[in-house]
There are 2 protein chains.
Amino acid sequence: MNNSVMMMAMDQDPIKMLQDPISSRLGYLLRRASAAMMADLGAALAEIDLRPVEGTILILVGANPGCIQSDLGRMLGIKRANMVPLVSALATRGYIEKSPVDGRSLALSLTAQGEQARLAVETLMDVHESRFERLLAGRDESALRRALALIAEGPCFDDTEGGPAPMSVGDLG
Amino acid sequence: MNNSVMMMAMDQDPIKMLQDPISSRLGYLLRRASAAMMADLGAALAEIDLRPVEGTILILVGANPGCIQSDLGRMLGIKRANMVPLVSALATRGYIEKSPVDGRSLALSLTAQGEQARLAVETLMDVHESRFERLLAGRDESALRRALALIAEGPCFDDTEGGPAPMSVGDLG
DNA sequence: CTTGAATGTTATGAATCATAGCAATATTGA
DNA sequence: TCAATATTGCTATGATTCATAACATTCAAG
């Protein structure tokens with residue numbers, strides 16, 4: 001499965017000796033770095049059958065008991081309409097409790113299970129994050145770029161899959 | 001349209017005085033920063049009716065004349081199947097030329113129009129990027145976090161819209 | 001030559017995300 | 001007070017993004 005073995009030489013390792021004039025773009029580095037961390041976090045949270053968004057919402061509700069759906073959405077940049085199935089799913093799983101506070105607003109809070117899940121999420125996120133922070137040991141100012149490139153490489157992407165990290169079609173930059 | 005005016009006081013400016021335990025997460029900062037830059041780049045490239053991916057592909061083909069579709073896809077982390085409509089669209093617009101090199105592979109290269117478009121893309125990207133690099137003037141090591149937060153804030157997001165930058169549902173972290 | 005891999009392609013479904021609209025309620029201000 | 005407006009949760013819906021599977025053709029290797 002190792003391509004440097006398959007092709008007997010070590011010259012065209014990355015892709016096809018392709019010129020890369022976009023990795024110097026800050027936005028592109030950010031995108032790749034973000035994608036790398038997202039993939040890692042997604043894999044980590046999959047262990048407790050939770051997506052990154054859901055974990056984030058659990059953390060947010062845990063830190064803001066009684067907050068309402070709309071505020072969460074505004075904070076995360078998620079539209080009201082799309083928040084509905086998100087918190088509904090978490091409520092169905094018994095993680096989030098809704099109690100009307102306003103007639104129109106619902107105050108959200110974590111159930112016991114929800115608090116437990118939130119704790120698990122936070123633990124997994126800590127481990128996940130430390131995996132990447134190790135890469136940024138003693139970095140200085142303009143090393144921001146190099147740091148992002150390092151993150152984009154990622155600590156946990158052997159070549160058992162495709163590239164270093166999944167990338168989206170619509171949002172390359 | 002300024003909410004600090006609408007509510008007469010300056011206490012609950014951000015959302016609802018909501019606690020924010022996730023902005024300390026590197027992954028979340030990266031995601032938001034990336035989203036902020038993506039939004040800005042998307043708006044910039046819309047001026048020439050091009051999406052960020054398409055601009056990126058133009059740059060990549062320009063720097064690698066004769067490269068094949070698959071290599072581009074691997075480099076960008078885009079699957080073969082999803083590359084097809086992308087380069088097809090650029091070919092239809094007269095920006096990219098395909099010439100069979102292999103019987104199965106197609107060598108891609110920029111047409112004259114394509115080269116012109118690539119130049120425009122690169123110019124717009126330069127301006128776009130400088131908007132953000134101004135924010136990172138003289139930052140040092142652990143200021144990486146602060147820098148990302150700054151980028152996430154963005155230079156060009158007044159509150160005429162929703163949040164500071166669009167955020168995805170599936171990929172929060 | 002035969003097997004296996006790669007490339008471009010199509011078709012298709014899942015997931016993400018935005019838009020529009022609605023009913024109920026709250027807020028504002030004349 | 002009360003009418004206009006805004007907010008909240010919600011539904012429905014379409015567009016876009018993305019992954020999977022399969023296929024025909026062509027190349028590479030044994």
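Chain identifiers are assigned alphabetically (A, B, ...) following the order of the sequence lines, protein sequences preceding nucleic acid strands; residue numbering begins at 1 within each chain.
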Fill in the blank from the handout: Taking C/dG8, D/dT8, D/dC10 as options, the one with an atom nearest any side-chain atom of A/I68 is D/dT8
Exercise for the section: Would you please confirm or rule out a distance under 4.0 Å between OP1 or OP2 of D/dC10 and any side-chain N or O of A/K98? Expected result: yes
Handout entry: Nucleotide of D/dT17, D/dT20, C/dA6 approaching B/R51 most closely (side-chain heavy atoms)
Key = D/dT17
Handout entry: A/T123 and A/D126: side chain donor to acceptor below 3.5 Å
Key = no
Handout entry: Presence of B/Q69 side-chain N/O under 4.0 Å of C/dA6 phosphate oxygens OP1/OP2
Key = no
Handout entry: Closest to the B/R104 side chain, choosing from C/dG8, D/dA28, D/dG9
Key = D/dA28
Completion exercise
With the side chain defined as heavy atoms from C-beta on, B/S105 is closest, among C/dT7, D/dG9, C/dT10, to C/dT7
Handout entry: Presence of donor-acceptor pair under 3.5 Å, side chain of A/N82 and base of C/dA18
Key = yes
Handout entry: Euclidean distance, atom CD1 of residue A/I78 to atom P of C/dT16 [Å, nearest integer]
Key = 11 Å
Problem - For atom CG of A/L108 and atom P of D/dT8, their distance in whole Å - result: 12 Å
Practice task
State, to 0.1 Å, how close B/A107 and B/G66 come at their nearest heavy-atom pair, and which atoms those are.
Solution key: CB-O, 3.6 Å
Problem - Protein-nucleotide distance (B/D102, atom CG; C/dA5, atom C1'), rounded to Å - result: 13 Å
Problem - Sidechain-backbone polar pair: B/S23 side chain, B/D20 backbone, donor-acceptor under 3.5 Å - result: no
Fill in the blank from the handout: Among the nucleotides D/dT20, D/dC10, C/dA26, whichever has the atom closest to the side chain of B/A81 is D/dT20
Problem - Interatomic distance, B/K79 NZ vs C/dT7 C1' [rounded to whole Å] - result: 15 Å
Completion exercise
Between A/S88 and B/R80, the residue closer to the 5' end of DNA chain D by nearest nucleotide is A/S88
Fill in the blank from the handout: When rounded to whole Å, the CZ to P distance for the pair A/R31 and D/dT17 reads 11 Å
Practice task
Grab the CE-P distance between B/M83 and C/dA6 for me, whole Å please.
Solution key: 17 Å
Problem - Distance in angstrom units between B/L72 CG and C/dG8 P, rounded - result: 9 Å
Exercise for the section: From the options C/dT16, C/dT7, D/dG9, select the nucleotide whose nearest atom is closest to the side chain of A/L106. Expected result: D/dG9
Handout entry: Distance in angstrom units between A/I96 CD1 and D/dG9 P, rounded
Key = 12 Å
Handout entry: B/L90 with B/I48, same ILVMFWY side-chain cluster at under 4.5 Å
Key = yes
Handout entry: Matching residue for A/Y95 among A/R118, A/E115, A/Q113 - test: side chain to side chain contact (heavy atoms under 4.5 Å, CB included)
Key = A/Q113
